[in-house]
Number of protein chains: 2
Amino acid sequence: MDEVFKALADASRRSLLDRLHAKNGQTLNELCDGLAMTRQAVTKHIAILEDANLVTTFRHGREKLHYLNPVPIHQIGERWIKKFERAKLVALSELKRRLESDDE
Amino acid sequence: MDEVFKALADASRRSLLDRLHAKNGQTLNELCDGLAMTRQAVTKHIAILEDANLVTTFRHGREKLHYLNPVPIHQIGERWIKKFERAKLVALSELKRRLESDDE
DNA sequence: ATAATAGGCAACCAAATGGTTGCATGTCAA
DNA sequence: TTGACATGCAACCATTTGGTTGCCTATTAT
């Protein structure tokens, strides 16, 4: 889980996920296309995404095809965000009360 | 949004949020209690959480009270995770098809 | 008044991060 | 078979990160 959060912390990696979300099954060079980064930089990002199980790859000859795996993202929503979802309304009303009170 | 993701990337910071989720409105020293970190380290983490708007603070005399703000977390769920939610089923069936085919 | 308490600030440090360049390897096409 | 293409590996570099220690300031309690 920690690896997923860390993987999602970087904007370049999130944008790579966005790219795969738009078009799944791209090759490495396809993913590099138009990016202000060297291929090797992208390779490193992909490796981190693979470690976090956010991207799965298949070799096809000399090409490496990249597939998005949105399951860990879904799990973050399920296991972690949901927990703070309930807290939201509580926190908001608490904040309201706090801001309206004078005794501070 | 980037700041929120970055703030959530660190396990210590997530655990601080967990602590505030369990008990809102704690002072700095309360938050430090039982942690294998100096107060100053916690201060830095809190600052990052404040920058990301995940924690709001109120001064009360010499104490600084910390309140969880779960709204940015909720927004991540709404704006970002939701996007990959739909992709989940697609990706899973695609993966299944992929794994079942022989021609690779 | 003064000591204890709660927190802030700044300098410093090691390790992790995000990126680069250079070269090696494997696969496809002419 | 040989050149071009897709990717892999490793060394290196600057910056960021997560943490420390030492000291300063403000507030509270005795």
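Quantities reported herein were computed from a predicted structural model and do not represent experimental measurements. Note on naming: letters A, B, ... go to the chains in the order of the sequence lines (proteins, then strands), and numbering restarts at 1 for each one.
- For F5(B) and dG18(C), the CZ to C1' distance is 19 Å, given to the nearest whole Å.
- Salt bridge annotation for E30(B)-R39(B): absent, with no cationic side-chain nitrogen under 4.0 angstrom from a carboxylate oxygen.
- Here dG18(C) presents its C1' atom at 14 Å from NZ of K6(A), a figure rounded to the nearest Å.
- With respect to the salt-bridge test (charged N to carboxylate O, under 4.0 angstrom), the residues D2(A) and R14(B) qualify.
- Atom CZ of R14(B) and atom P of dG18(D) are 11 Å apart (whole Å).
- Using a 4.5 Å heavy-atom cutoff, the side chains of L20(B) and L49(B) are not in contact.
- Atom P of nucleotide dT20(C) and atom CE of M37(A) are separated by 8 Å, given to the nearest angstrom.
- Atom-to-atom, CG of D51(A) to C1' of dT17(C) comes out at 14 Å; the value is rounded to the nearest Å.
- In terms of position on DNA chain C, the residue among V42(A) and E63(B) whose nearest nucleotide sits closer to the 5' end is E63(B).
- Remark: K64(B) is in phosphate contact with dG8(C), judged by side-chain N or O atoms under 4.0 Å from OP1 or OP2.
- The backbone N or O of K83(B) lies less than 3.5 Å from a partner atom in the side chain of H21(A), making a donor-acceptor pair.
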In the 5'-to-3' direction, what one-character label does each nucleotide of nucleotides 22-30 of chain C receive under the scheme B = base within less than 4.0 Å of a protein heavy atom, S = sugar-phosphate only, - = no such atom? B---BBS--
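- Atom OG1 of residue T27(A) and atom CG of residue D33(A) lie 9.0 Å apart, to the nearest 0.5 angstrom.
- The hydrophobic clustering, which links ILVMFWY residues whose side-chain heavy atoms are closer than 4.5 Å, places L28(B) and I48(B) apart.
- Distance CD (Q26(B)) to P (dA6(C)): 14 Å, rounded to an integer number of Å.
- The CG-P distance, from L28(A) to dC9(D), rounds to 12 Å in whole Å.
- The residue among T38(A) and N29(B) whose nearest nucleotide of DNA chain C is located toward the 5' end is N29(B).
- If you measure from atom CD1 of I46(A) to atom P of dG18(C), you get 14 Å, rounded to the nearest angstrom.
- Side-chain contact check for L54(A) versus V71(A): every heavy-atom pair is 4.5 Å or farther apart.
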